[in-house]
Amino acid sequence: MSLHENNSTLEVLPRNKEKIKKIWKTALILLVITSVEFLLAFTMERGMLLFAIFIGLTLVKAAYIMMEFMHLKDESKTLFWSIMLPLIFLVWLLIALSKEGADIFMYRW
Amino acid sequence: MSSTAIEINSKRGTWGGGNEPLKASYGKLMMWFFLLSDIFTFAAFLITYGAIRVSYPAFEGPVHDFVSSNEYWPIPEMIFNAVPFLHGVHAPLVFVGIMTFILIMSSVTMVLAVEAGHRNDRQDVVKWMLWTMLGGITFLSCQAWEWSHFIHGTDAGTMMTYVNTFGETVKEVVFGANLHVNEYGPAPFAQLFFFITGFHGFHVTIGVVLLFLAFYQAAVGIYERRGHYEMIEKIGLYWHFVDLVWVFVFTFYYLV
């Protein structure tokens with residue numbers, strides 16, 4: 001029962017209702033997007049359009065996790081961009097390796 | 001010269017030292033930059049998956065006619081279709097959907113723990129850390145089952161022609177998967193599955209250990225004596241990152 005003894009030296013602030021509500025709202029959005037992806041996987045024909053939708057929805061989810069859960073949008077602008085800008089290199093890696101993969105395909109088959 | 005330090009202090013610019021230009025503590029900054037480097041590692045894994053995948057032919061024809069072969073890349077929803085206790089039932093992506101739900105929920109309880117930390121509320125921190133840990137352990141257990149099923153394979157297996165470890169070309173029924181051959185598709189399919197989900201699972205395992213440490217330290221009042229709950233925030237960043245990676249693994253490995 002030691003957890004229930006309140007011998008705190010720090011002042012405990014009351015629950016921030018608005019913040020907590022926002023957290024649950026973000027959670028709901030993430031779960032709804034995942035359900036939509038799940039639904040589309042079985043209703044839409046597999047192809048470029050579906051894959052583009054999946055990647056778009058994934059980026060939306062990633063943005064919600066980074067901005068709301070990891071509070072990146074509340075950090076200073078310098079920190080925000082020093083995390084976001086290096087990710088541009090990944091675009092290059094993606095382009096380079098996609099071409100590489102396609103070329104290997106041509107060579108093999 | 002004894003007063004120099006104080007005098008210079010007032011004239012120092014943003015980057016002159018003695019303050020926090022990015023308005024975040026050292027520990028939090030380093031966690032962010034570590035996560036950035038980890039994003040590169042996981043991105044390299046997933047982009048490699050994409051590159052290897054497009055270097056193999058895709059299955060031609062309707063999805064429900066799909067049969068496994070090492071001639072073309074498998075359709076993931078036809079491979080990941082098993083659920084514990086429902087042997088032989090075709091339930092595409094259901095189990096991995098449940099795993100995604102568990103991980104997202106544990107991310108939510110983590111952010112609630114961080115919120116409680118901001119309020120110095122020890123009881124709430126301990127409660128939410130416990131829930132987060134439970135989510136993490138449940139996720140790992142699910143992954144253990146997923147791996148076990150993937151390795152042992154289906155009842156029927158697949159007839160395949162392949163080059164075995166002795167360099168001989170053999171034609172036989174293959175069950176399950178290892179790094180050399182698998183019943184689902186070309187060898188890199190299983191190799192990448194083990195590497196990508198394995199590396200992610202390893203991160204989750206580390207995360208659970210960190211969560212336990214933070215849970216313990218919060219419960220015995222170490223953070224209260226320290227005067228702040230910033231450690232919860234830093235471990236929270238790591239835990240959300242694990243969730244973030246899973247979101248991408250889910251899309252690129254299971255959906256596309």
Side-chain angles (χ1 to χ4, degrees), chain A residues 2-4 6-16 19-20 23-24 26-27 30-31 34-35 37-38 40-42 45-46 50-51 54-55 57-58 61-62 65-66 68-72 75-76 78-79 82-83 86-87 89-90 93-94 96-98 100-105 107-109, chain B residues 21-24 29 32-33 35-36 39-40 43-44 47-48 50-57 63 75 77 92-93 97 100-101 104-105 107-108 110-112 114-116 118-124 126 219 221 224-225 227-228 233 236-237 240-241 243-244 247-248 250-252 254-256:
Chain A
S2 63
L3 287 182
H4 295 279
N6 201 355
N7 48 7
S8 172
T9 45
L10 289 170
E11 193 199 348
V12 177
L13 304 169
R15 289 197 179 105
N16 190 335
K19 245 176 156 176
I20 292 175
I23 292 170
W24 284 107
T26 312
L30 289 176
L31 292 175
T34 309
S35 317
E37 283 182 325
F38 201 76
L40 288 180
F42 299 112
E45 201 159 318
R46 294 175 64 80
L50 181 63
F51 296 165
F54 279 154
I55 291 165
L57 288 177
T58 305
K61 279 202 280 188
I65 291 173
M66 283 182 84
E68 297 294 335
F69 283 178
M70 297 166 94
H71 304 293
L72 187 58
E75 303 288 356
S76 73
T78 328
L79 177 53
S82 55
I83 298 298
L87 298 180
F89 290 112
L90 292 179
L93 183 65
L94 184 65
L97 281 188
S98 304
E100 198 73 18
D103 286 353
I104 294 171
F105 178 80
Y107 178 73
R108 267 197 199 140
W109 277 278
Chain B
L22 299 184
K23 306 207 173 38
L29 271 186
W32 266 114
F33 289 120
L35 293 182
L36 181 64
I39 288 175
F40 281 124
I47 293 173
T48 304
I52 292 180
R53 185 187 176 148
V54 297
S55 76
Y56 279 89
V63 175
I75 296 174
E77 65 184 63
L93 303 181
T100 306
F101 174 76
I104 288 179
M105 285 321 284
S107 217
V108 174
M110 184 72 236
V111 80
L112 287 168
V114 173
E115 194 272 338
H118 285 151
R119 297 185 287 104
N120 303 320
D121 189 333
R122 181 162 82 174
Q123 268 184 39
D124 269 17
V126 167
E224 201 155 278
R225 263 170 272 142
H228 58 79
E233 238 177 286
L237 282 178
H240 294 312
F241 170 74
D243 185 30
L244 183 69
V247 163
F248 281 90
F250 177 65
T251 302
F252 290 105
Y254 294 96
L255 288 179
V256 171

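Lettering follows sequence order; numbering is per chain, from 1.
- Contact check for A:Ile20 versus B:Glu115: side-chain heavy atoms found under the 4.5 Å cut-off.
- You'll find the side chain of B:Ile39 reaches within 4.5 Å of the side chain of A:Leu90, heavy atoms only.
- Between B:Asp243 and A:Ile65 there is a side-chain heavy-atom pair separated by less than 4.5 Å.
- When the candidates B:Ala116, B:Ala43, B:Gly221, B:Pro57 are compared by the number of heavy-atom contacts under 4.5 Å with chain A, B:Pro57 comes out ahead.
- Contact check on A:Arg46 versus B:Glu77 returns a salt bridge, with a Lys/Arg side-chain nitrogen under 4.0 Å from an Asp/Glu carboxylate oxygen.
- Rounding to the nearest 0.5 Å gives a distance of 11.0 Å between CG of B:Leu112 and NZ of A:Lys19.
- Put simply, the side chain of B:Ser55 never gets that close to the backbone of A:Gly101: no donor and acceptor are under 3.5 Å apart.
- Note that CZ of A:Phe69 and CG of B:Leu237 are 13.0 Å apart. Values are rounded to the nearest 0.5 Å.
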task = Could you go through the side-chain contact (heavy atoms from CB on, under 4.5 Å) check for A:Leu87 and B:Leu36 one step at a time?
result = CA-CA 8 Å; A:Leu87 298 180; B:Leu36 181 64; 3.8 Å; yes

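- Between chain B and the options A:Arg15, A:Arg108, A:Glu100, the largest number of non-hydrogen pairs under 4.5 Å is found for A:Arg15.
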Report task. Any chance you could lay out the side-chain contact (heavy atoms from CB on, under 4.5 Å) test for B:Phe250 and A:Lys61, step after step, and finish with the verdict? Result -> CA-CA 12 Å; B:Phe250 177 65; A:Lys61 279 202 280 188; 4.3 Å; yes

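- Using a 4.5 Å heavy-atom threshold, the side chains of B:Met105 and A:Leu31 count as touching.
- Side-chain atoms of A:Met70 and B:Leu35, non-hydrogen and from C-beta on, do get closer than 4.5 Å to each other.
- Proximity to chain A involves both the backbone and the side chain of B:Tyr56, based on heavy atoms less than 4.5 angstrom apart.
- No side-chain heavy atom of A:Met66 sits under 4.5 Å from any side-chain heavy atom of B:His240.
- From A:Leu79, atom CG reaches atom CH2 of B:Trp32 across 7.5 Å, with rounding to the nearest 0.5 Å.
- B:Ile47 contributes atom CD1, which lies 6.5 Å from atom CG of A:Leu97 (distance to the nearest 0.5 angstrom).
- Heavy-atom distances place both the backbone and the side chain of B:Phe241 under 4.5 Å from chain A.
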Next on the checklist: Could you walk me through whether A:His71 and B:Val111 satisfy the side-chain contact (heavy atoms from CB on, under 4.5 Å) test, starting with their C-alpha distance in whole Å, then the side-chain angles of each, then the deciding distance to 0.1 Å, before giving a yes or no?
Outcome noted: CA-CA 10 Å; A:His71 304 293; B:Val111 80; 4.0 Å; yes

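- Within the 4.5 Å cutoff, no side-chain heavy atoms of B:Pro21 are placed close to those of A:Thr78.
- Atoms CZ and CZ, on B:Phe101 and A:Phe38 in that order, are 13.0 Å from each other to the nearest 0.5 Å.
- Within the 4.5 Å cutoff, no side-chain heavy atoms of B:Val54 are placed close to those of A:Phe105.
- A distance of 11.0 Å separates CD in A:Glu75 from NZ in B:Lys23, rounded to the nearest 0.5 Å.
- For B:Ile52, no part lies near chain A; criterion is any non-hydrogen pair under 4.5 Å.
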